[in-house]
Amino acid sequence: EAPGTEQELTDGFHLVIDALKLNGIDTIYGVPGIPITDLGRMAQAAGIRVLSFRHEQNAGYAASIAGFLTKRPGVCLTVSAPGFLNGLTALAHATTNCFPMILVSGSSEREIVDLQQGDYEEMDQLAIAKPLCKAAFRVLHAQDIGIGLARAIRAAVSGRPGGVYLDLPAKLFSQVMNADVGQKSLVKVIDAAPEQIPSPSSVKRALDVLKSAKRPLIILGKGAAYAQADEAIKNFVEKSGVPFLPMSMAKGLLPDLHPQCAGAARSTVLKEADVVMLIGARLNWLLSHGKGKTWGEAPKKFIQVDIEPKEMDSNVEIVAPVVGDIGSCVSAFLDAMGANWTAAPSDWLSTIAKKRDDNVAKMAPKLMSNASPMDYHGALGALRAIIAERPDTIFVNEGANTLDLARGVVDMHKPRKRLDVGTWGVMGIGMGYSIAAAVETGLPVLAVEGDSAFGFSGMEVETICRYRLPICVVIFNNDGIYRGTDVNGAGDDPATTVFVKGSRYDKMMEAFGGVGVNATSPDELKRAVNAALDSGKPTLINAVIDPAAGSESGRIGNLNPQSVLQKK
Ligand code: OXT
Ligand code: ADP
Ligand code: MG
């Protein structure tokens, strides 16, 4: 070329970054290394927030919950084979939980991988990702980066949200092309998650069934929380006068202390309701598949509101399926209800109120316990009061007893403030969720973790300290999984469910410049949590819990297989 006519060039690195920015993706969660180290550096230089984790699984969980909180795909960036596999658990988790996420992974040379000639970190990642996510794409040419990312975004957030895999081979990043042509190849995704309006006949059918009920119930799931249609949902529930039961991550969508909340009368409402309207909740194991003992003898009619048509009739017959996005469906209900909707029968409401008040009264004295070492209720009583005073705090929760008891004890007051183990009951979401929650919302985070649960992502306390995030981690330290009291009668090794007794997790935090506190009573715990939330300093509180206080598998011990042979 003649001097002065050199064209401006761009490359794969910059096209990926430009495509992300064009689509409003401003945060990446990941772990650097070949071939994506420079991508992370350049993204940071270009104004994208790049949070560097200690393990890809935690970065992936962070991306997944970022997707839940924002309705935009959370992005996780990993290196090839082992990094990719570490991130893949979180991608599968996102898909299972219906959270939009994109796992972007570098990969090795296609020609060598496909001939299985032993490349650095060789693996056919696209093929492995495919069955575990909603969609998977690979980009081989720089001019296809724009389309590749557009497809990934649309696949993640449209319809039922989920995880998407985007494979970017190392060679792609260094491909060079004309900058103008490159810019023109980028795609800004228009209306990535279009409204999905329910059919008027399905709306009418659903309301007719609901109207006919003597003992109606609305179950709100995390799909309803995700939809961010908070006002419409509240108006619909209140106008209907129907009691509602929040699934775990839907707690706070309407306040747990709302007069129509049946959370503290769960078994009663499931058994006795005659019409159940599911809004963004699946009839999976968490709802005993809609049948069996949990649901009692009386016949039930189910109405289901979901964006995924294939969800209908998955476990039991749905007499009134309403397919659409929850915002549109609930608005359509409100429009079609008219002015003179009669509230649910009052004897049903008073049955529920009585059961609820009984359960609340039964629990109240336990929450006052100031015993040391603490039991779960004493410790949670302190935390419940803190969340009531600071309702904007994001409450992250995992463990077995630590999870199940906190779910019941700690009332939530605002939408999307409770983040937990979700559909798989997975341990390990704790620190990743906390980091993303702090980063995406700017709100303080209180993570209440079983000591086992914490161990799955505990190294990320360094990440929390490094980015100086306003996260207070409370470890319910009962010396083990479910309890710290098991003994191994057969040898010198400790029992399989116990850890080092009297561990001091608070010292881990001090190693990285955070605040560590050892709390042995509810009063100490309360003081330490309030100080942490006031200061915003990264804090870890080792809450000493009686090792004998918990029960096997918390509230789901019934899921442990039981052989008659063991019972002899
Ligand atoms: O109506 P009734 O009378 O029945 O009463 C109900 C409510 O009405 C009432 N209630 C109230 N009363 C008064 N006041 C209020 N405010 C109130 N609110 C409610 O209370 C009862 C109970 O209500 P609830 O909770 O709503 O109802 P219920 O019946 O429990 O609901 C059923 C379910 C199924 C919906 C619910 O139980 C649920 O959501 N469960 C989720 C359970 C779950 O996901 N658990 C996590 C998995 S456990 C296990 O797998 C663990 N592992 C293995 C492992 C995992 N998971 N992952 C990986 C990657 N590897 C391995 C491990 C390793 S847990 C675990 C670690 C455990 O050890 P930790 O040290 O971490 O934890 P600790 O146990 O603390 O030691
Ligand atoms: P939970 O565990 O709280 O019961 P689930 O994860 O089982 O909730 O169910 C969530 C449901 O919500 C899924 O079936 C999903 O398709 C649906 N969903 C997610 N987002 C939307 C939305 N915007 N509109 C309608 N349905 C949605
Ligand atoms: Mg424990």
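Start at 1 and go down the list; that is how both ligands and their atoms are numbered. Small disclaimer: the values here were computed from a predicted structure and weren't measured.
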Looking only at protein heavy atoms, identify the closest one to atom 13 (C) of ligand 2 and say how far it is in Å.
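The closest one turns out to be Asp306 OD2, 3.3 Å.
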Salt bridge (charged side-chain N to carboxylate O under 4.0 Å, His left out) assessment of Asp404 paired with Arg407:
CA-CA 5 Å; Asp404 289 338; Arg407 184 179 58 248; 2.9 Å; yes
Going by heavy atoms, is Ser248 under 4.0 Å from ligand 2?
no
Would you say ligand 2 has an N or O under 3.5 Å from any N or O of [X]?
X	answer
Arg282	yes
Arg160	yes
Asn97	no
Ile326	yes

Does the residue Gly428 have a heavy-atom contact with ligand 1, meaning some pair of atoms that are separated by less than 4.0 Å?
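No, Gly428 has no heavy atoms under 4.0 Å from ligand 1.
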With heavy atoms under 4.0 Å as the rule, classify the contact between Arg266 and ligand 1 as side chain, backbone, both or neither.
both
Region of Ile219 engaging ligand 2 - heavy atom pairs below 4.0 Å:
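Within the 4.0 Å criterion, Ile219 makes no contact with ligand 2.
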Any idea which of Lys251, Arg555, Arg483 brings a heavy atom closest to atom 22 (C) of ligand 1?
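Of the listed residues, Arg555 has the closest heavy atom.
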Pick whichever of Gly159, Gly223, Pro100 has a heavy atom sitting closest to atom 18 (N) of ligand 2.
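The nearest heavy atom belongs to Gly223.
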